[in-house]
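Report on one structure; see the data block that follows.
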Amino acid sequence: MIDLHLVRDDPRRVKAALARRGIPPEEVDAITRLDGMHRAALKRQETLRAQVKRLSREVGGKRHAGDAEGAAALADESRRVGEEEREAAQEVDRLAGDLRDLLLVMPNLPAEDVPDGAGPEDNVILRHWWPGREGGTPEPVPGEHQRVPHWDVGSRLGILDMPRGARLAGSMFPLYRGDGARLLRALTSLALSRHADAYEEIRPPTLVLTETMVSTGHLPKFADEAYHIERDGLWAIPTAEVPLTSMHRGEILEEADLPVRLTAVSQCFRREAGAAGRDTRGLLRVHEFEKVELFAYATPAQARALHADILARAEGLLRDLALPYRVVDLCTGDLGTSSARTFDLEVYAPGSDRWLEVSSVSWFGDYQARRANVRFRPAAGGPPVLVHTLNGSALAWSRVWAALVEWGRQPDGSVRLPDVLSPWFGPEPTIRPR
RNA sequence: GGAGGGAUGGCAGAGCGGACGAAUGCGCGGCUCUUGAAAAGCCGUGGGACUCCGGUCCCCGUGGGUUCGAAUCCCACUCCCUCCGCCA
């Protein structure tokens, strides 16, 4: 949630920042108006409430003094005021609810250095990397044998079985087998070990309460994007960011304990409701995938360095895996609702001939922390302050899997894997037909 | 799934209808005493909303209800503990 106090104190700044995202200024005015009404109603209710409390105390006093008549008279008066107070309270509740509804769907203010733009076409590509680039090796040109999409490579090698996945769960639910399944396990294991020096490994629940989804910003606005188990009131997480953000929900942390750095692997579930018919082949876009996430709660002063660290770690993994990638600075038109600044990492997949998003590294400011009510007590004293949250995938395996299989394909149809995977696939890691 | 017990401040733990935002102890911070420390003593010590900066209001698991008045009574739910059943 954006800061209501900021809307009050500096509405022009809020409007200007949100205008960059295409939010009309009237929506900010609507918040200001409701806020004013809410505060007025609150004042009225509290005044009445104070009266009831005072009268009730006097009833007690009179009764103790043996003045039954006086007590009854005051009780009558208190009852009348109490009824008024009850009505006022209903008005307060109604206005508070309306205000909250507006605030919950209002996106975060973009950071000042986010490039302006209307959509993905205006994102800024910051840099490219490919194996050997630092040493002057030219950008790789895929050979004909690498121009085979991973769904073909996968089915020929018997490591990816989309038809059987569809039999179990419908389309876009992949089923990996043999070395294909083992590759996923290897990638997760590799990544978690890489982050273990600074990030505590967490295994969170995959199904979470509504409140947990609201805290990150996935609800109420994007309910259509998530799988919902109505009978139990639970939601399937679209990313481990969701449970990790709520891990300390409602807590006041000590500044000395920050940053809290966490890493988690989880299944990620996405309905992809708005993407019907797009990128439906193979693993380009799936309803369920596995992802290792990096996450941090930080002080505002620590946030920038952590954002850089998470990005560096995600890039480091791609370099270890020798996959050509580019770093994309998301423009205001493509920035996620909760994010203030996001860098995407996209891997080139030669068989599919597409750039695949395999990581999204975001700084949320205090937007999520305000929803989740996660604060820290400043070491220097003073009232608790909202933390900043940050996260990034490192990495989303379905698309990494696709890129590895396409880049690794040899003229004989086997797939050569990067050497970092030797612990799982032997000295010259290769997947051959069974 | 069934039976019972519980949920109060950083922790422990009283309170069971009226001045209770809450005794007491521990912890923590400050001060006094001391060469220093310990001990002892004194003072302080939750979060939040609104504010005409005087204050007012809310929070005793959550949500309803009863009452002039609820931490305290009633109802529902959640979570925790014990036992039984079932189960990977």
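Numbered from 1 within each chain, the chains take letters A, B, ... in sequence-line order.
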Regarding B:rG18, can its base be found pairing with the side chain of A:R63 as donor and acceptor, where the two atoms are less than 3.5 Å apart?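 Indeed, a donor on one side and an acceptor on the other fall under 3.5 Å apart.
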Name the pairs: protein N/O against N/O of nucleotides 44-49 of chain B, kept only if under 3.5 Å.
unit_1: B:rG47; atom_1: OP1; unit_2: A:R377; atom_2: NH1; d: 3.1
unit_1: B:rG47; atom_1: O3'; unit_2: A:R375; atom_2: NH1; d: 2.8
unit_1: B:rG48; atom_1: OP1; unit_2: A:R375; atom_2: NH1; d: 2.8

Spacing of the [atom1] atoms in [M] and [N] (rounded, Å):
N: B:rU56; M: B:rG61; atom1: P; value: 25 Å
N: B:rC53; M: B:rG47; atom1: P; value: 24 Å
N: B:rC60; M: B:rA70; atom1: C1'; value: 11 Å
N: B:rG69; M: B:rA19; atom1: C1'; value: 12 Å
N: B:rA40; M: B:rU34; atom1: C1'; value: 12 Å
N: B:rU78; M: B:rU62; atom1: C1'; value: 7 Å
N: B:rG41; M: B:rC26; atom1: P; value: 9 Å
N: B:rC16; M: B:rA23; atom1: P; value: 14 Å

Please round to the nearest 0.5 Å and tell me the distance separating atom OG of A:S362 and atom CG of A:L335. 7.0 Å
N-glycosidic conformation, B:rG4 - syn within 90 degrees of 0, else anti: anti
Opposite nucleotide pairing with [N], Watson-Crick or G-U, both atom distances under 3.5 Å:
N: B:rA88; result: none
N: B:rG4; result: B:rC81
N: B:rA76; result: B:rU62
N: B:rU32; result: B:rA40
N: B:rG9; result: none

In chain order, what residues pass the side-chain hydrogen bond (donor to acceptor under 3.5 Å, both in side chains) check against A:T188, with sequence neighbours excluded?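 Per chain and number, A:T188 pairs via side-chain hydrogen bond (donor to acceptor under 3.5 Å, both in side chains) with A:E290, A:W397.
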side-chain hydrogen bond (donor to acceptor under 3.5 Å, both in side chains) partners of A:D76, counting only residues at least two apart: A:R79
Separation of [X] atom [atom1] from [N] atom [atom2], in whole Å?
X: A:E58; N: B:rG69; atom1: CD; atom2: C1'; value: 12 Å
X: A:K62; N: B:rA19; atom1: NZ; atom2: P; value: 18 Å
X: A:H64; N: B:rG18; atom1: NE2; atom2: P; value: 8 Å
X: A:Q45; N: B:rC58; atom1: CD; atom2: P; value: 8 Å
X: A:E211; N: B:rC77; atom1: CD; atom2: C1'; value: 14 Å
X: A:R49; N: B:rC50; atom1: CZ; atom2: C1'; value: 16 Å
X: A:L48; N: B:rC50; atom1: CG; atom2: C1'; value: 15 Å

Could you tell me whether A:M247 atom CE has more than 12 heavy atoms of other residues or ligands within 6.0 Å of it? yes
Atom CZ of A:R8: over 12 foreign heavy atoms under 6.0 Å: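 Above 12, so yes.
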Exam field: side chain A:E406 to backbone A:S352, donor-acceptor pair closer than 3.5 Å: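 Yes: the side chain of A:E406 pairs with the backbone of A:S352.
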Under 3.5 Å donor-acceptor, A:K221 side chain and A:V105 backbone: yes
Tell me whether the side-chain N/O atoms of [X] come closer than 4.0 Å to OP1 or OP2 in [N].
X: A:R39; N: B:rU51; answer: yes
X: A:R57; N: B:rG69; answer: no
X: A:K53; N: B:rC58; answer: yes

Hey, can you pull the donor-acceptor pairs under 3.5 Å for the side chains in residues 154-162 of chain A, sequence neighbours left out?
unit_1: A:S155; atom_1: OG; unit_2: A:W151; atom_2: O; d: 3.1
unit_1: A:S155; atom_1: OG; unit_2: A:D152; atom_2: O; d: 3.3
unit_1: A:D161; atom_1: OD1; unit_2: A:R164; atom_2: N; d: 3.1
unit_1: A:D161; atom_1: OD2; unit_2: A:R164; atom_2: NH1; d: 2.7
unit_1: A:D161; atom_1: OD2; unit_2: A:R177; atom_2: NH1; d: 3.2

Using side chain to side chain contact (heavy atoms under 4.5 Å, CB included) as the criterion, list what pairs up with A:A394, not counting sequence neighbours. A:H195, A:L294, A:A314, A:L317
RNA chain B-proximal residues of residues 78-98 of chain A, any heavy atom under 4.0 Å: A:S78, A:R79, A:R86
Do A:Y325 and A:R319 make a side-chain contact, defined as non-hydrogen atoms from C-beta onward lying under 4.5 Å apart? yes
Is the shortest distance from a Lys or Arg side-chain nitrogen in A:R432 or A:D179 to a carboxylate oxygen in the other one below 4.0 Å?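 No salt bridge links A:R432 with A:D179.
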Taking the nucleotide of RNA chain B with the closest heavy atom to each, which residue, A:A50 or A:D76, is nearer the 5' end?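 So the residue in question is A:A50.
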